[in-house]
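What you see below is based on every heavy atom in this structure, not just the backbone, and it leaves out hydrogens, waters and symmetry mates. One-based numbering, in listed order, for ligands and for the atoms of each.
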Amino acid sequence: MRVYLDNSATTKVDARVVEAMLPYFTDTFGNPSSLHGFGRGALKGVDAARDYIAAYFNCRPSEIYFTSGATESNNWVLRGIVGASNNKIKHIVTTNIEHPAILDTCRDLEREGVLVSYIKCNNEGVVSVEDVKNAVTDNTILVSVMAANNETGAIQPIKEIGAFCKAEGIPFHSDAVQAIEALDFDVNELNLDMLSLSGHKFHAPKGIGLLYLRSGVKLKKLITGGHQERNQRAGTTNAAFIVALAKGLEIAKEEREATNARLTVLRDYFIKRALAEIPYCYLNGGITHRLPNNVNLSFGFIEGESILMLLDIKGIAVSSGSACSSGSLEPSHVILALGVKEELAHSSVRFSLGKDTTKEELDYTLEALKESVARLREISPLFNVQTGTGSYV
Ligand SMILES: *Cc1c(COP(=O)(O)O)cnc(C)c1O
């Protein structure tokens with residue numbers, strides 16, 4: 001059996017998305033900026049995709065900028081707003097649970113003299129609107145809070161934060177990558193000025209994403225060159241992937257209600273059984289403000305990486321910490337931010353369900369998990385000393 005439970009790292013491209021994009025590699029391969037028929041054909045696809053996406057987010061087509069993905073969009077927002085600001089003191093408010101595309105970029109900007117406040121989340125992984133309000137100063141040029149966290153699935157109060165920022169006249173950005181498939185996004189209802197997303201987290205390809213940028217908000221260009229994207233983001237327009245992105249959104253919207261309902265039941269079933277059947281197993285993050293596809297568990301006395309590898313042998317794909325930070329020995333900054341002790345943070349494993357996940361797959365995973373955890377504890381000196389229940393010391 002092959003079980004893919006790493007949908008927060010990336011998803012399989014939907015067959016209907018592949019079908020929609022294929023003509024743009026062959027028949028309609030022209031450069032959308034070209035004036036001839038080949039170009040106009042490709043441009044037609046791009047325009048239709050942009051119109052669909054604008055309607056989807058309740059914004060104007062001219063407020064959508066296609067990028068290579070959320071990493072680029074996040075970089076553009078942060079570096080662009082700093083570059084466009086004339087403030088003597090430039091202050092950004094963000095959180096301590098953001099994706100490295102935000103956090104690492106903020107650290108870089110700090111080295112250039114930008115001030116950054118990192119709001120802490122509570123032990124359920126959620127930041128408070130009050131803390132954002134208290135962090136804002138007269139010099140704040142941007143508030144950036146993710147819509148949902150990639151490791152814990154914790155959904156953030158962006159609507160309330162957006163309302164506050166609007167009242168204060170401070171541009172508000174959200175990295176919405178993880179929440180796109182599960183939640184509705186109306187940029188006006190949410191008072192969003194900027195939103196980043198990546199296609200590959202909702203069954204479109206890797207290497208395509210977008211930035212929604214409310215008209216009137218000024219960003220310095222990040223990528224310079226040709227005049228694509230209304231002269232704001234250079235690089236040959238990727239018609240095939242843009243068409244795919246729109247199709248991915250369309251399918252996500254169509255299937256949202258049914259998928260959310262099904263995954264919530266599966267998620268809770270998996271959590272309940274894991275907590276009941278595996279000793280020293282803990283849920284990271286709360287349950288109320290959680291994406292329907294996210295399970296994040298810690299297993300006392302053993303390493304998350306070791307569990308990942310034993311599950312991999314059985315054909316099961318999961319993540320320990322964030323896929324982007326694996327390879328580093330540091331425990332996940334997000335799990336630590338919950339107040340989880342370092343040792344337990346090291347033992348965290350993320351199971352991210354997808355729209356195709358079945359109960360049978362989860363049953364198979366639970367059995368493999370029980371076996372793997374027991375096997376690792378048998379050889380864990382820590383486990384035997386601290387619990388006195390191991391087979392040898
Ligand atoms: C995956 C992810 C990103 C980065 O997306 P890329 O496609 O790698 O650019 C940014 N933010 C969050 C929350 C993510 O989950």
Using a plain distance cutoff, I'd like to know if [X] has any nitrogen or oxygen under 3.5 Å from a nitrogen or oxygen of ligand 1.
X      : answer
Ser198 : yes
Asn74  : no
Asn150 : no

Taking heavy atoms and a distance under 4.0 Å, where does [X] meet ligand 1: side chain, backbone, both or neither?
X      : answer
Lys206 : neither
Ala70  : both
Glu72  : neither
Asp175 : side chain

Closest contact, heavy atoms only, Asn231 versus Gly226: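 Nearest pair, atom of Asn231 first, then Gly226: OD1-O, 4.0 Å.
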Heavy-atom pair of closest approach, residues Met194 and Val77: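 Closest heavy-atom pair between Met194 and Val77: SD-CG1, 3.7 Å.
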Sub-6.0 Å ring centroid separation between Phe29 and Phe38: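 Ring-ring flag for Phe29/Phe38: true, centres closer than 6.0 Å.
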Lys/Arg N to Asp/Glu carboxylate O, Glu181 vs Lys355, below 4.0 Å: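 No, this pair does not count.
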Over 12 foreign heavy atoms within 6.0 Å of CD, Glu19: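 Open.
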Arg60, CZ atom: more than 12 neighbouring heavy atoms under 6.0 Å: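 12 or below, so no.
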For ligand 1, which atoms, with element, lie under 4.0 Å from some heavy atom of [X]?
X      : value
Met146 : 13 (C)
Val177 : 2 (C), 10 (C), 11 (N), 12 (C), 14 (C), 15 (O)
Lys201 : 1 (C), 2 (C), 3 (C), 14 (C), 15 (O)

Exercise: do Ser196 and His173 side chains pair donor with acceptor under 3.5 Å: yes
